[in-house]
Amino acid sequence: MTSYDVIVVGLGGMGSAAVRHLAARGKRVLGLERFTPAHDRGSSHGGSRIIRQSYFEDPAYVPLLLRAYELWAEAEKEAGADLLTLTGGLYLGPPDSTTFAGSLRAAREWDLPHEVLEPDAVRARFPTFAPAADELAVFEERAGFVRPEAAVAAHLELAARDGADLRFGQQVLSWDATGDGVCVRTAEGEHRAERLVISPGAWAPSVLADLGLPLRVERQVQYWFAPPGGVEPFAGNPVYVAEQAEGAQIYGFPAMDGPDGGVKVAFFRRGRDTDPDALDRVVTDAEVQEMRARVGHTLPGLVGPVLRTVPCMYTTTPDEHFVIATHPEHANVTVACGFSGHGFKFVPVVGEILADLATTGATAHPIALFDPRRFP
Ligand SMILES: Cc1cc2nc3c(=O)[nH]c(=O)nc-3n(C[C@H](O)[C@H](O)[C@H](O)COP(=O)(O)OP(=O)(O)OC[C@H]3O[C@@H](n4cnc5c(N)ncnc54)[C@H](O)[C@@H]3O)c2cc1C
């Protein structure tokens with residue numbers, strides 16, 4: 001039996017970056033994924049993910065973001081792929097909202113280039129946006145979007161180029177770890193290695209059941225609307241997050257899918273619970289109407305017919321911070337899950353952290369916030 005240094009379970013966003021960084025360090029890597037490369041049954045599909053720096057979730061993420069930008073550029077160059085597009089980012093809401101006040105706080109704390117815009121200035125600069133009189137916006141130039149499927153594919157390709165053994169259609173049925181190493185079982189047999197990285201996305205509640213994490217798997221729909229006046233006015237837009245009544249946040253992208261592709265929008269959080277093996281792919285009229293009403297508040301010209309809807313999953317922790325750590329019971333197992341709907345922009349830096357933890361047991365990156373032992 002081939003012996004590996006590290007086995008990585010789950011080759012979605014985080015796992016693809018983990019195999020890439022491990023293989024680049026000369027490790028003998030086996031990657032196991034139950035579906036196909038860059039599939040649409042987990043959390044890393046739908047064409048676009050926002051990337052931004054003035055992080056309203058917590059300024060503690062900013063150093064990781066700065067490193068992620070460097071690594072996105074490096075992955076683009078090495079893979080010859082177009083992964084990140086800067087469009088600018090607009091974070092709108094009432095003055096005391098998480099979206100506005102939290103973005104401003106992070107920008108100030110880390111001295112990130114940004115502007116504060118009054119509603120008139122938003123309208124003048126970005127004519128498709130119609131903020132209410134009591135809303136303010138932070139604008140930052142260094143925001144934009146990354147392409148999730150292309151990013152997963154690029155990381156897998158770089159890993160394979162460096163010799164990683166990547167296998168698809170391989171569901172991991174069980175794993176265990178002892179002082180001597182780790183053992184992973186699939187329908188085809190057993191695989192052994194010195195170390196294990198587990199990045200199972202929405203399947204964390206079962207694959208990492210032993211951790212007893214309080215995770216919630218949420219169904220989240222991505223919508224593409226056809227603006228009645230055509231997509232052209234939306235083509236030069238920034239990415240945005242807009243916070244409305246009761247803290248509801250929507251976010252969206254510029255038109256980026258051609259004249260008939262529509263413009264993508266979605267709700268941030270507040271999805272309904274789902275079983276990852278029974279994700280409901282039917283999106284109801286009531287759901288479309290609710291999205292339409294929220295979009296109409298911020299981008300009235302966007303509410304035309306819905307062209308496409310694509311469900312996806314968040315795996316959410318109670319404090320909405322990630323779980324990235326050495327397994328508390330097994331020093332040779334590294335875990336990454338609970339990305340709570342905001343993990344994709346961090347993919348390459350999470351890959352670097354997982355490679356650090358799986359090879360040296362430590363990382364210089366600040367990950368104290370992501371300790372699984374914070375939950376009772
Ligand atoms: C609608 C939506 C919008 C989002 N928007 C943003 C955004 O704008 N910005 C942002 O930063 N983030 C965003 N996110 C969040 C981000 O996409 C996720 O945090 C990220 O994709 C999670 O990556 P992952 O590797 O944990 O999960 P995944 O990419 O799903 O990977 C997990 C993999 O593990 C595999 N797996 C599971 N169990 C097994 C097993 N037993 N054996 C083998 N393989 C297994 C799965 O098949 C899957 O491929 C969004 C998510 C969604 C759903």
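Here the structure is a predicted model, which is why all the values come from computation and not from measurement. When a ligand or atom number is given, it counts from 1 through the structure's own listing order.
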**Q** Which is closest to atom 32 (C) of ligand 1 in terms of heavy atoms, Ser206, Ser199, Gly341?
**A**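 Among Ser206, Ser199, Gly341, the closest heavy atom to atom 32 (C) of ligand 1 comes from Ser199.
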
**Q** Does His365 reach the main-chain N or O of Asp356 with its side chain, forming a donor-acceptor pair under 3.5 Å?
**A**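 Side chain of His365 to backbone of Asp356: no pair is present.
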
**Q** Between Tyr69 and Phe346 (judged by ring centroids, cut-off 6.0 Å), do the two rings come close enough to count as a pair?
**A**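 Centroid distance Tyr69-Phe346: not below 6.0 Å, so no.
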
**Q** Between Met14 and Leu208, is there shared hydrophobic-cluster membership here, with clusters defined by ILVMFWY side-chain heavy atoms closer than 4.5 Å?
**A**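 Met14 and Leu208: separate clusters.
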
**Q** Suppose we screen for salt bridge (Lys or Arg N to Asp or Glu O under 4.0 Å). Which residues come up paired with Glu218, at least two apart in sequence or across chains?
**A**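 Residues passing salt bridge (Lys or Arg N to Asp or Glu O under 4.0 Å) with Glu218: Arg216.
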
**Q** Could you tell me the residue and atom name of the protein heavy atom closest to atom 39 (C) of ligand 1, and the distance to it rounded to 0.1 Å?
**A**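 Answer, as residue, atom name and distance: Arg34 CD, 3.7 Å.
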
**Q** Students should be able to answer this: which protein heavy-atom is nearest to atom 22 (C) of ligand 1, and at what distance?
**A**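 Ranking protein heavy atoms by distance from atom 22 (C) of ligand 1, first comes Ser43 CB, 3.9 Å.
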
**Q** Please write down residue, atom name and distance for the protein heavy atom closest to atom 31 (O) of ligand 1.
**A**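 Scanning the protein heavy atoms, the shortest distance from atom 31 (O) of ligand 1 goes to Gly12 CA, 3.2 Å.
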
**Q** Compare Val146, Val172, Thr315 and give the one whose heavy atom is closest to atom 42 (N) of ligand 1.
**A**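 Shortest heavy-atom distance from atom 42 (N) of ligand 1: Val172.
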
**Q** To check your reading of the model: name the closest protein heavy atom to atom 11 (O) of ligand 1, its residue, and the distance in Å.
**A**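 So the nearest neighbour among protein heavy atoms is Lys345 NZ, 2.7 Å.
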
**Q** Please report whether ligand 1 has a polar contact with Val207, defined as an N or O pair separated by less than 3.5 Å (distance criterion only).
**A**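 N/O-N/O distance below 3.5 Å does not exist for this pair.
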
**Q** Heavy atom to atom 49 (O) of ligand 1, shortest distance: which of Gln222, Glu33, His342 holds it?
**A**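 Heavy atom nearest to atom 49 (O) of ligand 1 belongs to Glu33.
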
**Q** Which option, Gly201, Gly13, Ser44, owns the non-hydrogen atom nearest atom 21 (O) of ligand 1?
**A**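 Ranked by closest heavy atom to atom 21 (O) of ligand 1, first place is Ser44.
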
**Q** Could you tell me whether Arg28 sits above the aromatic face of Tyr4, with NZ or CZ closer than 6.0 angstrom to the six-membered ring centre and within 45 degrees of the axis?
**A**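 Geometry flag: not set, cation outside 6.0 Å or 45°.
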
**Q** With rounding to the nearest 0.5 angstrom, report the CG to CZ distance, Leu64 to Phe370.
**A**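 Result: 5.5 Å between the selected atoms.
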
**Q** Below the 3.5 angstrom mark, is there an N/O of Phe344, backbone or side chain, next to an N/O of ligand 1?
**A**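 N/O-N/O distance under 3.5 Å: yes.
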
**Q** Please work out whether any backbone atom (N, CA, C, O) or any side-chain heavy atom from C-beta onward of His39 is under 4.0 Å from ligand 1, and answer side chain, backbone, both or neither.
**A**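 Near ligand 1, His39 shows its side chain, while the N, CA, C and O stay back.
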
**Q** Strictly by modelled atom types, are Thr317 and Asp319 linked by a side-chain donor-acceptor pair under 3.5 Å?
**A**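 Note: Thr317 and Asp319 side chains meet the donor-acceptor criterion.
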
**Q** For ligand 1, which atoms, with element, lie under 4.0 Å from some heavy atom of Gly343?
**A**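 Matching atoms, with element in brackets: 11 (O), 12 (N), 15 (C), 16 (C), 19 (O).
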
**Q** Using the rule side chain to side chain contact (heavy atoms under 4.5 Å, CB included), only one of Leu32, Ile7, Leu30, Val29 pairs with Asp165; which is it?
**A**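 Result for side chain to side chain contact (heavy atoms under 4.5 Å, CB included) with Asp165: Leu30.
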
**Q** Are Glu57 and Arg52 within salt-bridge range, i.e. N to O under 4.0 Å?
**A**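 Salt bridge between Glu57 and Arg52, a charged N being under 4.0 Å from a carboxylate O: yes.
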
**Q** Starting from atom 38 (N) of ligand 1, find the nearest protein heavy-atom neighbour and note its residue, name and distance.
**A**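 Checking every protein heavy atom, the shortest distance to atom 38 (N) of ligand 1 gives Trp203 CB, 3.5 Å.
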
**Q** Would you say the side-chain atoms of Thr298 and Gln244 include a donor-acceptor pair closer than 3.5 Å?
**A**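 Yes, because at least one side-chain N or O of Thr298 sits under 3.5 Å from a partner of the opposite role on Gln244.
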
**Q** Do any nitrogen or oxygen atoms of Gln171 come within less than 3.5 Å of a nitrogen or oxygen of ligand 1?
**A**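 In this structure, Gln171 places no N or O atom under 3.5 Å from an N or O of ligand 1.
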
**Q** In terms of atom number and element, which parts of ligand 1 are under 4.0 angstrom from non-hydrogen atoms of Phe35?
**A**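 Those qualifying, in numeric order: 47 (O).
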
**Q** Indicate, as side chain, backbone, both or neither, the part of Tyr251 found under 4.0 angstrom from ligand 1 when only non-hydrogen atoms are considered.
**A**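 Just the side chain.
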
**Q** N/O to N/O below 3.5 Å, does that happen between Ala202 and ligand 1?
**A**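 Such a contact does not occur with ligand 1.
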
**Q** Show your reasoning for whether side-chain hydrogen bond (donor to acceptor under 3.5 Å, both in side chains) applies to Glu287 and Tyr223.
**A** CA-CA 10 Å; Glu287 288 181 292; Tyr223 300 81; 4.5 Å; no

**Q** For ligand 1, is there an N or O atom under 3.5 Å from any N or O atom of Met14?
**A**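 Checking ligand 1 against Met14, an N or O pair does fall under 3.5 Å apart.
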
**Q** List every atom of ligand 1 that sits less than 4.0 Å from any heavy atom of Met313, numbering the atoms from 1 in the order shown and giving each element.
**A**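 So the atoms of ligand 1 that pass are 53 (C).
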
**Q** Using only heavy-atom distances, determine whether the side chains of Ser340 and Glu320 contain a donor-acceptor pair under 3.5 Å.
**A**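 On atom types as modelled, these side chains do not qualify, holding no pair under 3.5 Å.
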
**Q** Would you please indicate if the ring centroids of Tyr240 and Phe129 are separated by under 6.0 Å?
**A**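 Yes, the ring centres sit under 6.0 Å apart.
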
**Q** When hydrophobic residues are tied together by side-chain contacts of less than 4.5 Å, even through go-betweens, does Phe56 share a cluster with Leu112?
**A**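 In one cluster: no.
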
**Q** Looking at atom 34 (O) of ligand 1, what's its closest protein heavy atom, distance included?
**A**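 It is Gly10 CA, 3.2 Å.
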
**Q** Note the single closest protein heavy atom to atom 52 (C) of ligand 1, along with its residue, its atom name and the distance in Å.
**A**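 In this structure, atom 52 (C) of ligand 1 has Cys312 SG, 2.9 Å as its nearest protein heavy atom.
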
**Q** Below 3.5 Å, N or O to N or O, backbone or side chain included: is there any such pair between Ile50 and ligand 1?
**A**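 Yes; the residue has a nitrogen or oxygen that sits under 3.5 Å from a nitrogen or oxygen of the ligand.
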
**Q** For Tyr61 and His321, does a side-chain donor sit closer than 3.5 Å to a side-chain acceptor?
**A**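 Distance-only check passes for Tyr61 and His321.
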
**Q** Would you please say whether a donor-acceptor pair under 3.5 Å links the side chains of Asn332 and His327?
**A**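 Absent: no donor and acceptor within the cut-off.
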
**Q** Atoms of ligand 1 less than 4.0 Å from Gly42 heavy atoms?
**A**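 Result: 30 (O).
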
**Q** Distance to 0.1 Å, residue and atom name: give those for the protein heavy atom nearest to atom 50 (C) of ligand 1.
**A**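 Nearest protein contact, heavy atoms only, for atom 50 (C) of ligand 1 is Arg49 NE, 3.3 Å.
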
**Q** At less than 4.0 angstrom from any non-hydrogen atom of Phe339, what atoms of ligand 1 do you find?
**A**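 Near Phe339, meaning under 4.0 Å from one of its heavy atoms, ligand 1 has 19 (O), 26 (O).
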
**Q** Before signing off on this row, confirm whether Tyr314 and ligand 1 have an N or O atom pair separated by under 3.5 Å.
**A**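 N/O-N/O distance under 3.5 Å: no.
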
**Q** Is it true that Gln170 lies under 4.0 Å from ligand 1, counting heavy atoms only?
**A**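 Yes; Gln170 lies near enough to ligand 1 that a heavy-atom distance drops under 4.0 Å.
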
